[in-house]
Amino acid sequence: MKSQKPDENGHSKAIPKPSKLPILEDDNDSCDFYGYNVESLMKETAELRNIITKRGTLEILIPLCCTTDPVRYITFRKSMKGFSSKTLTIRLKELEKNGILNRQSFNEIPPRVEYHLTPKGQELVGSIINLLQWMRKWSEKK
């Protein structure tokens, strides 16, 4: 369907309506980006990148998605080879500030600090798992 738009001389000219992105195989997973504002999506992409693509962030989220139990700071330290304590601490604070993690400290000796996902964090991890499944699907040799 074409809409009409006046040109500089006041004459109407037909403007083609953008079509949906073509889906190559599966019509059950239709995708329609018509109506999205590119500038807005780019801004949101930058915000998302600032949250999840910093070094160490995914490595923090993955252990949390594999359990419903809180994860201790020492567990992150042991599993994150090649990451400094400073980087780990900064990332944990950023994720807490963004409402993705909750931090609970205990007044014990030695000190004990535990982290668990918030509902927002659980949803983010679910999205990351979906991306990983997409990657596996399309990286399989056929």
Side-chain angles (χ1 to χ4, degrees), residues 1-8 11-142:
M1 179 175 172
K2 295 183 179 184
S3 61
Q4 302 290 318
K5 181 177 178 182
D7 62 13
E8 311 85 46
H11 299 97
S12 294
K13 69 178 195 180
I15 300 173
K17 180 180 175 184
S19 62
K20 288 184 178 183
L21 293 173
I23 304 299
L24 300 177
E25 290 182 23
D26 190 0
D27 288 336
N28 293 333
D29 295 327
S30 64
C31 182
D32 185 357
F33 292 106
Y34 179 72
Y36 283 88
N37 179 294
V38 173
E39 290 176 16
S40 176
L41 286 175
M42 293 302 287
K43 181 180 178 206
E44 291 170 6
T45 300
E47 291 171 12
L48 176 63
R49 186 175 52 250
N50 284 333
I51 293 172
I52 66 167
T53 62
K54 290 183 178 175
R55 185 172 189 263
T57 300
L58 292 174
E59 290 83 351
I60 289 170
L61 293 175
I62 296 305
L64 287 162
C65 81
C66 297
T67 182
T68 56
D69 297 329
V71 176
R72 293 185 65 181
Y73 177 87
I74 192 70
T75 304
F76 291 121
R77 284 292 311 131
K78 288 179 182 177
S79 68
M80 294 177 65
K81 306 272 188 256
F83 291 89
S84 70
S85 295
K86 182 178 178 181
T87 299
L88 175 58
T89 301
I90 289 169
R91 293 301 170 265
L92 288 167
K93 285 180 181 178
E94 289 171 346
L95 290 169
E96 184 181 9
K97 179 182 169 200
N98 282 298
I100 294 166
L101 295 181
N102 276 336
R103 177 184 189 271
Q104 184 175 10
S105 59
F106 298 87
N107 192 14
E108 299 175 355
I109 297 178
R112 177 170 55 119
V113 179
E114 296 179 342
Y115 295 88
H116 66 273
L117 292 169
T118 64
K120 179 180 178 179
Q122 291 171 350
E123 195 171 322
L124 173 61
V125 167
S127 297
I128 291 168
I129 296 298
N130 287 335
L131 282 172
L132 289 170
Q133 290 171 338
W134 169 84
M135 183 186 71
R136 284 181 184 160
K137 174 184 176 182
W138 291 103
S139 66
E140 291 176 0
K141 304 219 189 279
K142 294 186 178 188

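All values below were derived from every heavy atom in this structure, side-chain atoms included, with hydrogens, water molecules and symmetry-related copies excluded.
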Mind jotting down which residue pairs meet the salt bridge (charged side-chain N to carboxylate O under 4.0 Å, His left out) criterion with at least one end in residues 113-129? Sequence neighbours excluded, please. Arg112-Glu114
Qualifying residues under side chain to side chain donor-acceptor pair (under 3.5 Å), relative to Ser127, sequence neighbours excluded: none
Hey, is the main chain of Leu41 close enough, under 3.5 Å, to the side chain of Thr45 for a donor-acceptor pair? yes
For side chain to side chain contact (heavy atoms under 4.5 Å, CB included), just list the numbers for Tyr73 and Leu92, CA-CA rounded to whole Å, side-chain angles, deciding distance to a tenth of an Å, and then say yes or no. CA-CA 9 Å; Tyr73 177 87; Leu92 288 167; 3.7 Å; yes
With Thr87, which residues qualify under side chain to side chain donor-acceptor pair (under 3.5 Å), at least two apart? Ser84
Check step by step if side chain to side chain contact (heavy atoms under 4.5 Å, CB included) holds for Thr118 and Leu101. CA-CA 5 Å; Thr118 64; Leu101 295 181; 5.7 Å; no
Residue pairs passing the salt bridge (charged side-chain N to carboxylate O under 4.0 Å, His left out) test where at least one lies in residues 95-104, sequence neighbours excluded: none
To the nearest 0.5 Å, how far apart are NZ in Lys93 and CG in Leu88? 11.0 Å
Just wondering, are more than 12 heavy atoms of other shown residues or ligands nearer than 6.0 Å to CD in Glu108? yes
In sequence, state the C-alpha distance, the side-chain angles, and the governing distance for Leu132 and Ile128, and then conclude on side chain to side chain contact (heavy atoms under 4.5 Å, CB included). CA-CA 6 Å; Leu132 289 170; Ile128 291 168; 4.3 Å; yes
Nearest-0.5 Å distance that lies between atom CG in Leu124 and atom CD1 in Ile100: 5.0 Å
Among pairs that include at least one residue of residues 76-85, which meet salt bridge (charged side-chain N to carboxylate O under 4.0 Å, His left out), considering only residues two or more places apart or in two chains? none
Please list, one pair per line, the donor and acceptor atoms closer than 3.5 Å that link side chains of residues 59-70 to other protein atoms, with sequence neighbours excluded.
residue	atom	partner	partner atom	Å
Glu59	OE1	Gly56	N	3.4
Thr67	OG1	Asp69	N	3.0

Calculate, to the nearest 0.5 Å, the distance between atoms CG and CD belonging to Leu117 and Gln122 respectively. 6.0 Å
